[in-house]
Amino acid sequence: MDALVFDLDGTLLRLERAYRDVLADAIADVRGDAPDGWLAAYDDAFFAGFDAFEPAPVRRAFDRIDGCSDPEPYAAALLERELESLAPPANVHADLERLAESFELGVLTDGVRDWQLEKLRAHDLEPYVDAIVASYDVSAHKPALAPYRELEERLPADRYAMIGDSDADIEGARNAGWAAYRYDGGGFGELPEAIGER
Ligand SMILES: [Mg+2]
């Protein structure tokens, strides 16, 4: 059987608001306001930690903001705000159910496994997925080969195709010898019936 492997952020789930607004709301949930200095400091600290595969990069980023004495409530608020701001494409459950008749289905996502699983569960997507690899599992973000090879280990299949919204998704898939389909919105009803059709 062949495998279809979906990116998560921007593909299976898309933010319906600017991320900066999501972050600002989370900070304001805890402290009542969202100073510009906090927003910039969070972004810098998060991406530095994320690129270095530091554990718990969200909590650590809040911890590095001057004036943040306890990162836990901020991390919890950000997860809650992210979950409520994400939405899947229309008919995603019906489309995945139909695709699952012909393909193994996987998710290959940049991020921390538990955080990404929360997103899948909040939108009832986990039951459709046979294997999930998060970049933190292998300490390498897309387009590195390691997460693609890890997905092949966890989800044996004859051929693989990646469906993702970013250059990294496509570049990594091609380097791994997979087919690649650019996701640019809409449903998954137009995906090919067999890998290699286009
Ligand atoms: Mg994406």
Side-chain angles (χ1 to χ4, degrees), residues 3-23 26 42-43 46-53 57-58 61 78-93 95-96 99 103-126 128-152 154-155 160-192 195 198:
L4 290 181
V5 182
F6 292 85
D7 168 51
L8 178 52
D9 293 303
T11 302
L12 278 181
L13 291 171
R14 308 193 106 184
L15 270 184
E16 296 194 300
R17 321 162 55 203
Y19 192 77
R20 186 181 174 87
D21 295 336
V22 176
L23 176 62
Y42 175 86
D43 261 356
F46 175 80
F47 285 110
F50 192 72
D51 289 341
F53 296 97
V58 170
L78 183 56
L79 178 58
E80 195 173 314
R81 286 290 186 177
E82 278 194 24
L83 295 181
E84 74 178 24
S85 303
L86 288 164
N91 303 318
V92 68
H93 299 100
D95 285 342
L96 291 179
L99 290 169
F103 296 98
E104 303 281 358
L105 301 183
V107 168
L108 180 47
T109 176
D110 280 353
V112 176
R113 184 174 193 81
D114 288 350
W115 191 276
Q116 299 300 77
L117 278 174
E118 291 283 353
K119 295 179 187 174
L120 287 169
R121 289 173 182 153
H123 292 276
D124 198 29
L125 294 171
E126 193 187 13
Y128 299 93
V129 178
D130 303 301
I132 299 161
V133 170
S135 59
Y136 258 70
D137 297 349
V138 293
S139 298
H141 298 307
K142 293 176 277 186
L145 268 180
Y148 294 84
R149 295 294 178 243
E150 181 68 16
L151 193 286
E152 292 170 354
R154 295 190 199 177
L155 188 65
Y160 296 84
M162 179 87 210
I163 299 98
D165 67 307
S166 75
D167 291 345
D169 293 321
I170 304 301
E171 179 191 335
R174 292 196 173 133
N175 289 340
W178 296 14
Y181 302 95
R182 171 79 69 164
Y183 178 69
D184 54 8
F188 298 123
E190 300 299 307
L191 287 175
I195 291 174
R198 58 176 176 174

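As the structure is a prediction and not an experimental result, all values here were calculated from the model. Both ligands and their constituent atoms are indexed starting at 1 by order of listing.
For the residue pair Gln116 / Asp110, no side-chain donor-acceptor distance below 3.5 Å is found, with atom types taken as modelled. Between the side chains of Glu16 and Ser85, no donor-acceptor pair of N or O atoms lies under 3.5 Å.
Distance CG/Leu12 to OH/Tyr183: 8.5 Å, rounded to 0.5 Å.
The distance between the ring centers of Phe6 and Phe188 falls below 6.0 angstrom.
Taking the Mg ion (ligand 1) as reference, Asp9 places its N/O/S atom O nearest. In Asp165, the N, O or S atom that comes nearest to the Mg ion (ligand 1) is OD1. If you look at Asp7 and ask which of its N, O or S atoms sits nearest the Mg ion (ligand 1), the answer is OD2.
Backbone or side-chain N, O or S atoms of Asp110 do not reach the Mg ion (ligand 1) at under 2.8 Å.
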